[in-house]
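Scroll down for the structure; my scribbles are underneath it.
Source: prediction; values computed, not measured.
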Amino acid sequence: MTDQRRRTGSALLRIALAIFVTGLLAIAAIFVVPAVNGDQPPLWLYLTAMIAAPLGFVLAIVFALMSGRRAR
């Protein structure tokens, strides 16, 4: 595997983890906001949780499949 491909794969993993963690933080915030001030969480928080967590998970799976592939 070339050094350029390793850097690209490593960057993909970092991006996937950052997006996934953002989604998890949004999910946690959905539960914390009502407990702290009694209001409903804003819509953008729900949308972030719905999009970021699954997208980060899928990107991590793509990284795993790409990094596990044998060179021919």
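The two residues Pro54 and Ala49 come nearest to each other via the heavy atoms CD-O, 3.8 Å.
Under the side chain to side chain contact (heavy atoms under 4.5 Å, CB included) criterion, Leu55 pairs with Ile19, Leu59, sequence neighbours left out.
Note: Phe63 CZ to Leu12 CG = 7.0 Å, rounded to the nearest 0.5 Å. In this structure, the separation between CE on Met66 and CD1 on Ile61 is 14.0 Å, given to the nearest 0.5 Å.
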I'd like a table of donor-acceptor pairs (distance under 3.5 Å, sequence neighbours excluded) in which one partner is a side-chain atom from residues 20-38, with atom names and distances.
{"residue": "Thr22", "atom": "OG1", "partner": "Ala18", "partner atom": "O", "Å": "2.7"}
{"residue": "Asn37", "atom": "OD1", "partner": "Asp39", "partner atom": "N", "Å": "3.2"}

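Clustering ILVMFWY residues whenever any of their side-chain heavy atoms sit less than 4.5 angstrom apart, transitively, puts Leu45 in a cluster other than the one holding Leu47.
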